[in-house]
Amino acid sequence: MRGPAGFLLCSLLLVAPHCTEVAAQEVQPDPKTPCANWMGGAPGYPGHNGLPGRDGKDGKDGLKGEKGEEGMQGPKGDQGEMGVPGREGPRGFPGYPGQKGEKGEGAFIYRSAFSVGLTERAPHPNVPIRFSKIFYNEQSHYDASTGKFLCSISGTYYFAYHLTVYLTDVKVSLYKKDKAVIFTYDQFQKNNVDQASGSVLLHLSSGDEVWLQVYGEGDNNGVYADNINDSTFMGFLLYPDLDVH
């Protein structure tokens, strides 16, 4: 290369080592670019972001933390809709029999009844006949010491008597509250034993008394009983007054 251009290039080459030494004392440039401090180009633009790196490996689980405090109970939620009934399950085996329960009372709780018989011959006239042979008197509504039935439950009652007649005629009446209600008469036939009977339905109020009595002066008192003949008197409640009980 000749001419002024060649001369200029040679001068620059001769001066370059001197510049390098001076610059080396101040700033250590990259040895690959000895004249970078005075021959550097314009700054470049920032490069594009690189691609994200791969996920790292999962770390080991830490120690279990302490149990936290229980939170406040929230408000009660709305009731949900009823679900569809499920399928019927299989039938189970029969269970063992239970223990026998205590005896209960009958459906008819109002009870009043008696059935009695005569033990003495020829009862006294004009007084209640005292039937002292007790067949049934569970409620004790009949008083054997007086011969009277005392009503404790207001209602409708049935009364009946069946008398053996011997030695003389019989005249008896059923009394309610000191008033004769029905009469029975039997004329005795000699060398024979007769029977006299009667029955009636009566409405009684609590406190009313009912009894059987020989009436007359004693000539018609053939009511009889012994070890093979009975004279009986009985009565029982048919149904109580519902407006009272």
Side-chain angles (χ1 to χ4, degrees), residues 1-114 136-141 150-156 205-207 236-245:
M1 182 180 294
R2 297 178 179 180
F7 178 76
L8 180 58
L9 179 59
C10 291
S11 299
L12 292 174
L13 294 174
L14 292 174
V15 177
H18 177 72
C19 294
T20 302
E21 294 179 359
V22 175
Q25 296 177 0
E26 297 177 0
V27 180
Q28 296 296 327
D30 188 348
K32 295 181 180 180
T33 56
C35 296
N37 288 333
W38 62 275
M39 293 182 64
Y45 295 102
H48 297 288
N49 294 331
L51 296 175
R54 293 182 298 175
D55 294 339
K57 295 182 178 180
D58 294 338
K60 296 181 178 180
D61 294 337
L63 298 176
K64 185 177 180 180
E66 297 181 358
K67 184 178 179 180
E69 296 181 359
E70 184 177 355
M72 296 180 62
Q73 183 177 358
K76 183 178 180 181
D78 297 333
Q79 184 176 358
E81 297 181 359
M82 183 178 295
V84 180
R87 297 178 59 185
E88 183 177 356
R91 184 174 181 179
F93 295 102
Y96 294 104
Q99 295 182 351
K100 186 177 180 180
E102 297 181 358
K103 183 179 179 181
E105 295 185 358
F108 191 71
I109 61 175
Y110 302 105
R111 300 174 181 175
S112 180
F114 73 97
Y136 179 87
N137 191 28
E138 185 173 335
Q139 294 81 34
S140 299
H141 293 168
L150 177 63
C151 175
S152 298
I153 304 172
S154 299
T156 302
S205 299
S206 180
F236 57 86
L237 173 68
L238 282 178
Y239 49 87
D241 292 341
L242 298 179
D243 55 342
V244 177
H245 302 284

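All values below come from the heavy atoms of this structure, side chains included, with hydrogens, waters and symmetry mates left out.
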- Task: For the pair S154 (side chain) and S206 (backbone), establish whether a donor and an acceptor sit closer than 3.5 Å, ignoring hydrogens and angles.
- Result: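 Side chain of S154 to backbone of S206: a pair is present.
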Testing the basics here: between [X] and [Y], what is the closest heavy-atom pair and its distance to 0.1 Å?
X: Q139; Y: A113; value: OE1-N, 3.2 Å
X: L237; Y: T156; value: CD1-O, 3.5 Å
X: D241; Y: G155; value: OD1-CA, 3.5 Å
X: R111; Y: H141; value: O-CE1, 3.8 Å
X: F114; Y: N137; value: CB-OD1, 3.9 Å

